> 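What follows is a structure written as structure tokens; I'll ask about it next.
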Amino acid sequence: MAWEQLYFRIISDTQWGWLTIPQIMLRVASLFYGCVVWCRNRLFDWGWRNSERASVPVISVGNLTTGGTGKTPIVAYLARLCQDVGADPGLISRGYRSVDGVANDEKMLLDLLLPGVNHVQHRRRVEAAQELLSKSPEVHVIVMDDGFQHRQLHRDLDLVVVDATNPFGYGWLLPGGLLREPIAGLRRADVVCVSRVDQVKAPRVEEIKTTLRRWVRAEVPI
């Protein structure tokens, strides 16, 4: 935890008005990370890598930055909407920080919010979807948690959650900031939800929405 706190202090520190040596090192690393992300996305964009389709529609809930952005309640909300219209949902997720098959915090929370809804965790979402459908053939729609960057599985709706308290991850890709990919990646999104708007002032929310409108086709503030 101490190392994590130190890391956040380094990437967020602007009080001196100039970059510190650790910040410079992390931002140089960000350039290399950005090259990898750019190449990977172009492989999918240009059709050199294909996304595999599941036999049912897939809704992806993801984000642009690392860390929590309030995705889990939205995943639960979408699953309940499916139930309300008579469709049986199933959930898939990576299972980040789960150990030896033990459910992580997100899965335990979703199990509480959505009793009886099947949830498969696997680092490869394609295999997670296959496992879910083999175990639960009654599933009509898959809700994929944290799936925006996992393009191997085709999705029919891409929803991205942006945290109003830190929407753009200090403006830098990992590890110099918290962005998983450039903000331009939002062009792939069908809908963007702005979460935690109650924790920031209204003018700041409008600034965030103005930035988002440059990139996305639809926007839903939450």
Side-chain angles (χ1 to χ4, degrees), residues 1-46 48-49 60-72 74 93-99 104-106 121 123-125 144-152 158-189 192-197 199-201 203-216:
M1 183 62 67
W3 284 106
E4 186 174 332
Q5 292 173 348
L6 177 61
Y7 168 70
F8 280 107
R9 181 176 178 182
I10 291 172
I11 65 174
S12 63
D13 189 4
T14 58
Q15 63 177 321
W16 302 110
W18 64 79
L19 294 178
T20 63
I21 292 176
Q23 284 176 319
I24 292 173
M25 294 173 63
L26 289 173
R27 291 186 179 187
V28 169
S30 295
L31 299 177
F32 289 98
Y33 174 82
C35 289
V36 174
V37 170
W38 186 89
C39 291
R40 180 179 179 276
N41 279 326
R42 295 298 81 72
L43 290 177
F44 284 99
D45 293 342
W46 296 339
W48 295 347
R49 290 191 65 181
S60 170
V61 180
N63 53 20
L64 207 62
T65 59
T66 61
T69 58
K71 290 190 286 66
T72 302
I74 294 175
S93 61
R94 182 182 186 274
Y96 180 65
R97 287 183 176 175
S98 60
V99 179
N104 61 3
D105 292 343
E106 286 81 5
Q121 293 190 310
R123 65 182 302 271
R124 282 184 49 81
R125 309 307 164 81
M144 176 168 54
D145 185 19
D146 195 18
F148 190 55
Q149 284 77 33
H150 299 274
R151 300 182 64 180
Q152 291 89 344
D158 247 325
L159 186 151
V160 177
V161 184
V162 173
D163 181 358
T165 64
N166 189 3
F168 308 119
Y170 305 111
W172 280 83
L173 296 174
L174 292 165
L178 299 180
L179 284 171
R180 293 179 172 185
E181 61 178 302
I183 300 174
L186 289 173
R187 289 173 177 153
R188 303 196 311 274
V192 171
C193 295
V194 184
S195 64
R196 297 172 179 159
V197 295
Q199 299 180 30
V200 299
K201 296 181 179 180
R204 176 56 177 155
V205 174
E206 291 304 316
E207 290 176 9
I208 295 168
K209 291 163 69 174
T210 298
T211 300
L212 293 175
R213 288 190 184 101
R214 301 173 189 167
W215 306 105
V216 301

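Note that the structure is predicted; figures quoted are calculated from it, not measured.
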> Any chance you could measure Leu173, atom CG, to Thr65, atom OG1, to the nearest 0.5 Å?
11.5 Å
> So how far is it from Ser60 OG to Leu159 CG, rounded to the nearest 0.5 Å?
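Between atom OG of Ser60 and atom CG of Leu159 there are 8.0 Å.
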> Taking all heavy atoms of Gly176 and all of Ser30, pick out the closest pair and write down the distance.
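Residues Gly176 and Ser30, closest heavy atoms: N-OG, 2.8 Å.
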> Among residues at least two apart in sequence or on other chains, which ones pass side-chain hydrogen bond (donor to acceptor under 3.5 Å, both in side chains) with Arg123?
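Result, side-chain hydrogen bond (donor to acceptor under 3.5 Å, both in side chains) vs Arg123: none returned.
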> I need the minimum non-hydrogen distance between Ala164 and Val200, along with the two atoms involved.
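Heavy-atom minimum between the residues: O-CG1, 3.6 Å.
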> May I ask you to decide if Asn63's main-chain N or O and Thr69's side chain share a donor-acceptor pair within less than 3.5 Å?
no
> Keeping the roles fixed (side chain from Gln23, backbone from Ile10), state whether a donor-acceptor pair exists under 3.5 Å.
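Yes, the answer is positive, given that a donor and an acceptor are paired below the 3.5 Å cut-off.
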> Would you indicate whether Phe32, at its atom CZ, is surrounded by more than 12 heavy atoms from other residues, nucleotides or ligands within a distance under 6.0 Å?
no
> Listing request: all salt bridge (charged side-chain N to carboxylate O under 4.0 Å, His left out) pairs with a residue in residues 164-182, at least two apart in sequence or in separate chains.
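The answer is Asp146-Arg180, Glu181-Arg188.
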> If you round to the nearest 0.5 Å, how far is CG of Leu26 from OH of Tyr170?
13.0 Å
> What are the two closest heavy atoms between Arg187 and Trp215, and how far apart are they?
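So the two residues come closest at NH2-CZ3, 3.1 Å.
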> side-chain hydrogen bond (donor to acceptor under 3.5 Å, both in side chains) with Thr211: which residues, sequence neighbours excluded?
none
> Take Ile208 and Phe168 through the test side-chain contact (heavy atoms from CB on, under 4.5 Å) and record every step on the way to the result.
CA-CA 9 Å; Ile208 295 168; Phe168 308 119; 4.3 Å; yes
> Let me confirm one number: the CD-NZ distance from Glu106 to Lys71, rounded to the nearest 0.5 Å.
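Separation between the atoms: 6.5 Å.
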> At their closest point, which heavy atom of Pro167 faces which heavy atom of Val162, and how far apart are they?
CB-CG1, 3.5 Å
> Please check this pair: side chain of Tyr7 against backbone of Pro175, looking for a donor-acceptor N/O pair closer than 3.5 Å.
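Side chain of Tyr7 to backbone of Pro175, a donor-acceptor pair under 3.5 Å: yes, one is there.
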> Between Cys193 and Ile74, which heavy-atom pair has the shortest distance, and what is it?
CB-CD1, 4.2 Å
> If you measure from the Lys or Arg side-chain nitrogens to the Asp or Glu carboxylate oxygens, is any gap between Arg151 and Asp158 under 4.0 Å?
no
> Is the backbone of Gln149 close enough, under 3.5 Å, to the side chain of Arg40 for a donor and an acceptor to pair up by distance?
yes
> Between the side chain of Arg125 and the main-chain N/O of Asp145, is any donor-acceptor distance below 3.5 Å?
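Flag set: sc Arg125 to bb Asp145 pair under 3.5 Å.
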> Heavy atoms only: give me the nearest Val37-Pro182 pair and the separation to one decimal.
CG1-CD, 4.3 Å
> Give, for atom CG of Asn166 and atom CZ of Phe8, the distance between the pair rounded to the nearest 0.5 Å.
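Those atoms lie 8.5 Å apart.
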